[in-house]
Structures are given as structure tokens and as C-alpha cells.
Amino acid sequence: DTAVSQTPKYLVTQMGNDKSIKCEQNLGHDTMYWYKQDSKKFLKIMFSYNNKELIINETVPNRFSPKSPDKAHLNLHINSLELGDSAVYFCASSHRGRFTDTQYFGPGTRLTVL
Amino acid sequence: KQEVTQIPAALSVPEGENLVLNCSFTDSAIYNLQWFRQDPGKGLTSLLLIQSSQREQTSGRLNASLDKSSGRSTLYIAASQPGDSATYLCAVRDSGGGADGLTFGKGTHLIIQP
């Protein structure tokens, strides 16, 4: 009964490849997010999606594109991977409420670009 | 632009001690503040969420306070145990409307010595 799940857990690939990371939540939340945690363990928001609509995009390169087939899924597609994309990517979800929107995080996907 | 700072960056204390972790943020216009715990190689676990209108929240041995006007929050851990060893992250959700992501601090790495 995992709340927020991500696949794969580890992803190792070559520069220039295109890859996807999948995220699913079974909490009935209406908003999902992608965060990047760099080598210094600093977490930064990349995207958020509410009802299939992109709400924010924090200066992320357009090689990254979130795709949401439905409210329970937000997948992250990355084109032309670069060395600097190596990081841990976390998916999260919450229920859109002004004050009580606790965010629940997935276990993370460790991406290594060689 | 919101910035979140956590002090100290690392802390090591003997088991049984009470301790305080500090978090400060530059823009006091927030919806809420959330404390997370991250274990090595794992995702984030939400500990406490404090709404902007609240002063504190408690869960078991944890107590989090919020002083929005001064841009500060503290996480108090009572009677620390080795199992409390982890990185503790503070994050704020700004009052920007919509489904904003969280702005994180860099965390406090806590070690509780048995």
C-alpha cells in the first residue's frame, strides 16, 4: 500500500540518451511534483502539476518534460541527458489546500549519467 | 526569492539529550512550514506541518514552533534516541497561490550517539 512510488529506483545511462522516470500516487491527491536533489543533497523543486496543468517550472531546461496521463501519475521525461543531470529525483504529491497540503514523497530515483 | 537556512549543518549528541534544530526563511509570506526527515539513501518522511496561522505543532517527542514574523522555526527533539539519527530538512511553501512547490533548507545532519 505504498503511497507514492517511483520506478526505476536506479537508472544508469550514457550521455545523449533519452530516459523516463515514472511516478504514481494512490493517495487521491490532485497535485504532484518533481524535485531534484543534487550531489550536495540540496533539494529543489522542478515542476508541479495540478489537475493535469503545469503550475510552475523553476528554470528547468526544456530537455526535461513532465507528462501526466491522469491525476495519479506524473512521469518525467529527459532528453539528451547530460553529466550534470546526475542526481536523485523525487516525486511528491499533496492535496491542494491552502494551509494543510502536507507533501508526501516517493523513495527517489538515482540517475547516473556516464 | 525565498531562501531557507538551517543551523547547525551537523550535530552529534549523546543519547537521551534534548536538542533544538533551527530553520530561518527570508520571506515571511508563507502558507506553511514543513519539517522532514531523510534517512541515507531514502526518501523524505514528513514529520510536522505548521500552518502560517499556528505557533507550534507536536507529535510524540517532536515539537515544532513557528515565528512567522521573524522568519524562524525550531524543531525540538526530546529524549533523543539513536533511531533519530538522520538528516532533518525544513521547507516552506510560499503564499504565491496555486500549487507551489516547497523551498528547502540544506538540512541538519543529526547523529545520536548510543
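Chain letters run A, B, ... following the sequence lines, proteins first, then strands; residues in each count from 1. Worth saying up front: this structure is predicted, and the values here are computed from it rather than measured.
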Is it the case that one hydrophobic cluster holds both [X] and [Y], taking links as side-chain heavy atoms less than 4.5 Å apart, direct or via other members?
X: A:Val88; Y: A:Leu114; value: no
X: B:Leu75; Y: B:Leu11; value: yes
X: A:Leu76; Y: A:Leu54; value: yes
X: B:Leu66; Y: B:Leu62; value: yes
X: B:Ile7; Y: B:Val4; value: no

A:Lys40, part contacting chain B, at a heavy-atom distance under 4.5 Å: neither

Under 4.5 Å to a heavy atom of chain B? For A:Gln6 that would be neither

Dump the intermediate steps for side chain to side chain contact (heavy atoms under 4.5 Å, CB included) on B:Gln38 and A:Gln37, then the final yes or no. CA-CA 12 Å; B:Gln38 185 174 26; A:Gln37 189 171 43; 3.0 Å; yes

Heavy-atom distances under 4.5 Å only: say whether B:Leu48 touches chain A with side chain, backbone, both or neither.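 Looking at B:Leu48, nothing touches chain A.
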
With a sphere of 6.0 Å drawn around CZ of B:Arg55, does it hold more than 12 non-hydrogen atoms of other residues, nucleotides or ligands? no

Count the heavy atoms belonging to other residues, nucleotides or ligands that lie under 6.0 Å from CD of B:Gln113, then report whether that count exceeds 12. yes

Take B:Gln34 and A:Thr102 through the side chain to side chain contact (heavy atoms under 4.5 Å, CB included) test and state the conclusion after the steps. CA-CA 8 Å; B:Gln34 204 165 345; A:Thr102 299; 3.1 Å; yes

Quick one: [atom1] on [X] to [atom2] on [Y], what's the gap to the nearest 0.5 Å?
X: A:Ile45; Y: B:Arg93; atom1: CD1; atom2: CZ; answer: 11.0 Å
X: B:Leu102; Y: A:Gln103; atom1: CG; atom2: CD; answer: 3.5 Å
X: A:Leu43; Y: B:Leu44; atom1: CG; atom2: CG; answer: 5.5 Å

Under the side chain to side chain contact (heavy atoms under 4.5 Å, CB included) test, residues paired with B:Lys42 that sit two or more places apart: B:Asp39

Report, in residue-number order, which members of residues 67-74 of chain B are under 4.5 Å from chain A by heavy-atom distance. none

Hey, which of A:Phe90, A:Trp34, A:Tyr104, A:Phe105 has the most heavy atom pairs under 4.5 Å with chain B?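 The answer is A:Phe105.
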
